[in-house]
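Not measured: the values here are computed from a predicted model. Chain letters run A, B, ... following the sequence lines, proteins first and then strands; every chain starts at 1.
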Protein chains: 2
Amino acid sequence: MTIQQIKYFLELSNGLHFWKTAEKVSISQSTLSRQIQSLEDELGFQLFERDKRNVKLTAAGKFLQDHWTTSINELDRIYKQAQKIDIGTLGTISIAYPGSISFGFLPSLMNILTTEMPDLKIELTEPIDINHESLLLNYHIDISLSRDEILSPTIVSKRLYSESVCLVVPINHWVTEENFTDLTMVQNENFIISPLQNKTYFSTLLRGIFNTNGFNPKTTIESDFGNVILNLVAKDLGISILPYSFQFAKNPNVRFIELTEKVDLYMNWRRNDPNKIVKRIVNYSEVLGETYIP
Amino acid sequence: MTIQQIKYFLELSNGLHFWKTAEKVSISQSTLSRQIQSLEDELGFQLFERDKRNVKLTAAGKFLQDHWTTSINELDRIYKQAQKIDIGTLGTISIAYPGSISFGFLPSLMNILTTEMPDLKIELTEPIDINHESLLLNYHIDISLSRDEILSPTIVSKRLYSESVCLVVPINHWVTEENFTDLTMVQNENFIISPLQNKTYFSTLLRGIFNTNGFNPKTTIESDFGNVILNLVAKDLGISILPYSFQFAKNPNVRFIELTEKVDLYMNWRRNDPNKIVKRIVNYSEVLGETYIP
DNA sequence: CATCTTTAATGCGATTTTTGCATTAATAAG
DNA sequence: CTTATTAATGCAAAAATCGCATTAAAGATG
């Protein structure tokens with residue numbers, strides 16, 4: 001039972017004429033005759049009732065005409081879907097990202113992806129303090145955007161761009177870009193930051209910054225969410241340190257003062273992932289990262 | 001794209017190992033390798049990402065694994081259905097019948113059919129005064145049961161049995177089986193019969209009967225439906241003439257008196273109808289007709 | 001670091017299957 | 001009775017499929 005044989009059968013079941021059908025499907029009449037015979041032999045019953053003069057479908061043949069038609073169409077539809085997936089415009093991709101890029105890089109990337117691959121379904125997750133490496137290796141996500149590089153032979157980690165870390169103060173705060181010298185200036189202020197004991201890269205960076213400047217910050221409020229912190233600073237409840245990207249939130253009640261420290265954004269994916277969507281997204285991200293100057 | 005190739009692919013997509021899969025499907029490793037290659041060539045994209053050491057599905061391959069599995073199962077299901085139809089236990093058959101057999105022959109036949117072919121769907125229609133021949137030739141019905149023979153080169157008409165025509169009187173009527181001589185006895189009674197001008201065989205027969213006996217019946221009520229007539233007679237509203245089969249209605253308030261006239265029951269179907277269900281039903285009906293002595 | 005093992009791909013000849021031409025057989029039409 | 005139509009079939013050529021043996025590449029082993 002070949003797909004080709006089924007197609008011959010369907011054509012013949014429409015025309016009910018061996019010679020004309022054979023010509024239509026560009027084979028000889030004898031070939032068509034034998035293909036149908038072979039199909040009938042394999043099925044174990046007749047598809048056509050035929051004498052030297054007339055050809056007509058049997059009841060089983062009539063049934064198969066209906067159902068095989070839909071099957072063949074279905075197979076064709078499946079093939080076309082698979083083709084789209086191969087090209088990389090269809091499917092589902094799961095991306096994990098740090099909250100700090102949700103105002104800048106991530107919307108830009110999403111913009112590109114939804115334009116270039118409109119049929120692509122993107123699942124976004126914002127995991128806190130969870131190992132991106134295991135998420136990738138367990139196939140929970142396909143791509144990870146992270147602040148720290150993942151060093152693993154089975155994962156490729158590529159830096160997309162670097163951005164400054166900024167001191168964030170309320171808009172009417174006494175520290176300005178002009179009078180700012182170093183962080184010791186604000187060592188007695190209230191800080192609103194993510195818990196320093198977190199294992200995330202950014203918490204580690206913060207610990208390092210405070211260490212270098214020789215003081216432990218007073219923390220009145222703690223939050224893992226940068227945009228929460230941003231709003232708290234805007235309401236004059238303290239100051240904070242956040243990546244430059246948060247400027248894209250365009251909050252009018254805060255002021256950003258660039259520090260010398262930098263944070264990177266890495267894109268990570270499974271080495272040799274056969275999914276071409278991943279490769280395409282990586283490419284788009286690299287291009288975007290190069291032109292993206294925060 | 002062969003069904004066999006798809007099956008090989010599905011097996012390989014489960015095992016992800018050429019040698020083991022080849023052994024499982026009883027072909028050589030080289031053959032499997034080449035079949036998959038040929039499938040990939042035809043599709044135009046890779047199904048497996050493979051090096052000398054590992055085999056894994058591409059995204060498109062994963063998609064096809066899911067969908068082809070259901071397609072192959074579907075094809076198998078379709079084949080089995082078709083097989084059943086060929087054997088003659090599955091399908092739909094449309095049968096037209098005269099109302100007079102709805103108490104006797106028809107229930108017996110239905111009983112046999114539903115026992116022997118439980119998956120068979122039977123459509124019953126009781127057409128009045130309509131040409132069974134055209135219903136058959138227009139494929140509105142597949143089998144017709146009729147009181148008159150259909151004489152046509154494209155239709156086979158076979159007599160199943162003969163039964164007497166009976167005078168039907170209320171249970172306390174003065175005419176009994178013992179004192180009955182001929183119909184002239186009741187020429188002044190009220191008759192409840194189907195309209196004599198109808199073109200059905202039974203109406204023609206009635207006309208003949210009244211003609212032979214030399215009187216025109218007084219008809220107060222007319223009805224095409226035998227069982228309606230039967231109930232009207234039971235309520236003492238008149239007498240009637242019906243086929244013997246109506247005795248099977250087991251109405252306790254009527255008495256049947258056999259006349260000498262007979263009516264036949266014919267089964268009619270399209271000559272050379274390739275539907276094996278028709279042949280089976282004809283066979284069952286012939287056997288039932290022989291043993292059915294009303 | 002050299003050797004062994006595993007495993008998918010490939011060259012090649014043998015086998016099997018498929019194909020089309022020409023013909024046959026049966027039927028309907030003129 | 002003859003002619004035309006049409007599905008099946010014998011046959012030889014062509015194409016495909018198959019499996020053996022081998023290759024090539026990548027761990028695994030010690």
*Which parts of residues 27-36 of chain A get close to DNA chain C, meaning a heavy atom less than 4.0 angstrom away?*
A:I27, A:S28, A:S30, A:T31, A:R34, A:Q35
*Return yes when atom NZ of A:K84 has more than 12 non-hydrogen atoms of other residues, nucleotides or ligands closer than 6.0 Å, and no otherwise.*
no
*Taking the six-membered ring for Trp, is the centroid-to-centroid distance between A:F105 and A:Y97 below 6.0 Å?*
no
_Going by the rule ring-ring contact (aromatic ring centres under 6.0 Å, His included), which residues pair with B:F63 if we only count those two or more places apart in sequence or in a different chain?_
B:H67
*Identify whether any heavy atom of A:D51 sits under 4.0 Å from a base atom; if not, whether one sits that close to sugar-phosphate; answer base, sugar-phosphate or nothing.*
sugar-phosphate
*Residues which pass side-chain hydrogen bond (donor to acceptor under 3.5 Å, both in side chains) with B:Y284, listed by chain and number, not counting sequence neighbours*: B:E116, B:R280
*Gap between atoms NZ and C1', on A:K56 and D:dT6 respectively (whole Å)*: 17 Å
_Results of salt bridge (Lys or Arg N to Asp or Glu O under 4.0 Å) for A:K62 - residues two or more places apart only_ = none
*asked:* Using a 6.0 Å cut-off, check whether atom NZ of A:K158 has over 12 heavy atoms from anything other than its own residue.
replied: no
_Closest-nucleotide ordering on DNA chain C, the 5'-leading residue of A:N54 and B:N54_ = B:N54
*Taking only residues two or more places apart in sequence, or in another chain, which ones meet B:D51 in a side-chain contact (heavy atoms from CB on, under 4.5 Å)?*
B:R53, B:N54
*Considering heavy-atom distances to DNA chain C, does A:S38 or B:R50 have its closest nucleotide positioned more toward the 5' end?*
B:R50
*Earliest and latest nucleotide of DNA chain C, 5' to 3', sitting under 4.0 Å from a non-hydrogen atom of chain B?*
C:dT6 to C:dC12
*How long is the line joining CZ of A:F48 and P of D:dT6, in whole Å?*
16 Å
*A:K24/A:E11 salt bridge by N-O under 4.0 Å criterion*: yes
*To the nearest Å, give me how far apart CZ (A:F9) and C1' (D:dA7) are.*
17 Å
_Rounded distance (Å) that lies between atom C1' of D:dC18 and atom CD of B:Q4_ = 13 Å
